[in-house]
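To start, the structure itself, in structure tokens.
For ligands, and for the atoms within them, numbers begin at 1 and follow the listed sequence. Values below: every heavy atom of this structure, side chains too, minus hydrogens, waters and symmetry copies.
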Amino acid sequence: MSLIPIPPSWTISENKITPETIYFNRRRLLKGMIGASIASSLIPLSGCQKSASQTALEATLQKPKIPGVKTSPEFSQVDRPMTKEILAGQYNNFYEFGGNKKIWLNAQNLPTENWKVEVTGLVNNPKTYDIDDLKKKFPLEERIYRFRCVEAWSMVLPWVGFPMKALMAAVEPKSDAKYVRFTSFYDKDITTGPSFHLGYLPWPYQEGLRIEEMANELAFFAVGIYGHDLPKQHGAPLRMVIPWKYGFKGAKSIVKIEFLKEQPATYWNTIDPNEYDFEANVNPNKPHPRWSQATEKFISTGPGLSWEIKETLPYNGYGEYVASLYS
Ligand SMILES: Nc1nc2c(c(=O)[nH]1)N[C@H]1C(S)=C(S)[C@@H](COP(=O)(O)O)O[C@H]1N2
Ligand SMILES: [Mo]
């Protein structure tokens, strides 16, 4: 039904699995030797001779600086080091460009020129924004947020963008708007998806929030990271950042935002509702059906990929801002 069979060559013990977790399970399978094998597949942070791929990776991260951005004093307090940019930029999930973490090169095929974002549905002021207009209209700030993927890896990332509630104020949702659907860029000739996929995948990638969640102080639209425009692998030119939820809730490369009466169908929830619930709040006490969520693999410094095991916090540490939404 909704599960996607694995190609036989992958020799994974479970014979059915969903794509978000294929990589994770390969890692579990290889437990023990994994530190070495994953690390060697990553590009080192430094070294005497730069490989061609390191130079290419660095080029993808060299984006125009966003001028005049101040770091938010309130939303930059994280008791962990920031993840190194070159690690965050080569360890991504972006299934439109492939089914593993190494999509940074393939993601460079994303066409970002003349990007438009349509805001529509149950609002008084529907509008199609040009990305440059968006960046001018809403004051930009930097926020340093924890980031927690449902697969149990985590980072700390410095985003540049604006609160979602600023856009809401501009478009004025009507009183019957209860949910919001966010749609990512999709073009079957460009976003060709995972090479191994054998089953149906519900493209385009879509995510959704309750309108109260979107109005929360923390809900953020990012147009940049590490002080510059978003690299394509991070979801240029506009992506969602919802720090108290698992990473899959944060759709990348958004082209459409719709205010709706009913809860929308979303990508991972359609693929497997047991593994990816619509709410998807980070919760150490609620295990994923196939692994614990009590701890996480925190990725901050290299060389290569290494992590520290840390305890996962309820709402990813943001309970004081969001717990009341769920009481
Ligand atoms: N359009 C789109 N958005 C997406 C994804 C995706 O595959 N496609 N993956 C999600 C998942 S599972 C995670 S963990 C984050 C990863 O963001 P990053 O690669 O910038 O760290 O993006 C989220 N947004
Ligand atoms: Mo994720």
Side-chain angles (χ1 to χ4, degrees), residues 18-25 27 57 60-61 63 82-107 109-110 112 117 145-161 181-187 190-194 197 201-209 220-226 229-243 245-257 266-272 275-277 280 282 288 291 293 296-300 305 312 316:
T18 53
E20 161 87 322
T21 56
I22 282 176
Y23 196 81
F24 184 91
N25 279 277
R27 289 189 297 184
L57 171 62
T60 70
L61 304 177
K63 293 288 165 190
M82 203 186 293
T83 298
K84 285 260 188 307
E85 176 169 19
I86 199 149
L87 293 178
Q90 66 176 293
Y91 191 80
N92 303 97
N93 274 333
F94 203 166
Y95 278 83
E96 287 88 332
F97 294 102
N100 59 50
K101 297 289 172 286
K102 293 165 68 176
I103 54 72
W104 62 267
L105 185 56
N106 200 24
N109 293 324
L110 177 76
T112 52
V117 183
Y145 278 161
R146 296 162 176 270
F147 185 90
R148 172 64 155 79
C149 174
V150 71
E151 298 162 319
W153 53 271
S154 68
M155 298 185 177
V156 166
L157 300 172
W159 303 103
V160 178
R181 171 166 59 203
F182 304 82
T183 303
S184 297
F185 174 88
Y186 180 72
D187 176 330
I190 300 170
T191 50
T192 49
H197 105 245
L201 291 174
W203 302 117
Y205 196 102
Q206 293 186 312
E207 258 310 332
L209 295 173
F220 202 61
F221 282 120
V223 297
I225 191 168
Y226 297 99
D229 285 0
L230 282 174
K232 294 183 179 187
Q233 57 266 47
H234 284 300
L238 180 78
R239 60 100 46 91
M240 307 165 65
V241 185
I242 311 294
K245 293 180 181 287
Y246 292 119
F248 71 85
K249 292 298 290 183
K252 294 179 166 182
S253 305
I254 292 169
V255 294
K256 198 174 189 182
I257 301 166
T266 57
Y267 183 81
W268 288 111
N269 189 250
T270 301
I271 291 172
D272 193 332
E275 304 211 350
Y276 314 108
D277 63 308
V282 175
H288 184 276
W291 57 84
Q293 294 289 25
E296 62 201 58
K297 298 166 176 165
F298 176 59
I299 300 167
S300 60
L305 185 74
T312 288
N316 205 21

Got a donor-acceptor contact below 3.5 angstrom from the K256 side chain to the R181 backbone?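 The answer is no, because no donor-acceptor pair under 3.5 Å joins these two groups.
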Under 4.0 Å, heavy-atom basis, I'd like to know which part of [X] is in contact with ligand 1: side chain, backbone, both or neither.
X	value
R239	side chain
S184	side chain
E96	side chain
F248	both

Number the atoms of ligand 1 from 1 as they appear, then name those within less than 4.0 Å of a heavy atom of C149, with their elements.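 In order of number, 14 (S).
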Which atoms of ligand 1 are found less than 4.0 Å from any heavy atom of N92?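 Those of ligand 1 that fall under 4.0 Å from N92 are 18 (P), 19 (O), 20 (O).
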For residues [X] and [Y], determine if any side-chain heavy atom of one lies less than 4.5 Å from a side-chain heavy atom of the other.
X	Y	answer
W159	L230	yes
Y226	L157	yes
Y267	F248	no

Side chain or backbone, does [X] bring an N or O within less than 3.5 Å of an N or O on ligand 1?
X	answer
H234	yes
W153	no
K252	yes
F147	no
W159	no

Can you confirm if the aromatic rings of W104 and Y91 lie within a centre distance of less than 6.0 Å?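 No, the ring centres sit 6.0 Å or more apart.
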Can you say whether the rings of W268 and Y276 are parallel (under 30°), tilted (30 to 60°) or perpendicular (over 60°)?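 Rings of W268 and Y276: tilted, as their planes differ by 30° to 60°.
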Taking the six-membered ring for Trp, are F97 and F94 parallel (under 30°), tilted (30 to 60°) or perpendicular (over 60°)?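 Correct class here is perpendicular.
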For atom 6 (C) of ligand 1, the option (of W104, Y205, Y186, W203) bearing the nearest heavy atom: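 Nearest heavy atom to atom 6 (C) of ligand 1 lies in Y205.
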Measuring from non-hydrogen atoms of [X] to any atom of ligand 1, is the shortest distance under 4.0 Å?
X	result
A251	yes
G250	yes
K249	no

Enumerate the salt bridge (Lys or Arg N to Asp or Glu O under 4.0 Å) contacts for residues 231-241, please, sequence neighbours excluded, ordered by first and then second residue.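 Every pair satisfying salt bridge (Lys or Arg N to Asp or Glu O under 4.0 Å) with a residue in residues 231-241: there are none.
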Measure across M155 and L87 and return the closest heavy-atom pair with its distance rounded to 0.1 Å.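 Scanning both residues completely, I find the closest heavy atoms to be CE-O, 4.4 Å.
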For S154, check side chain to side chain contact (heavy atoms under 4.5 Å, CB included) against everything at least two apart and list the hits.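 By the side chain to side chain contact (heavy atoms under 4.5 Å, CB included) rule, S154 matches R80, R148, E296, F298.
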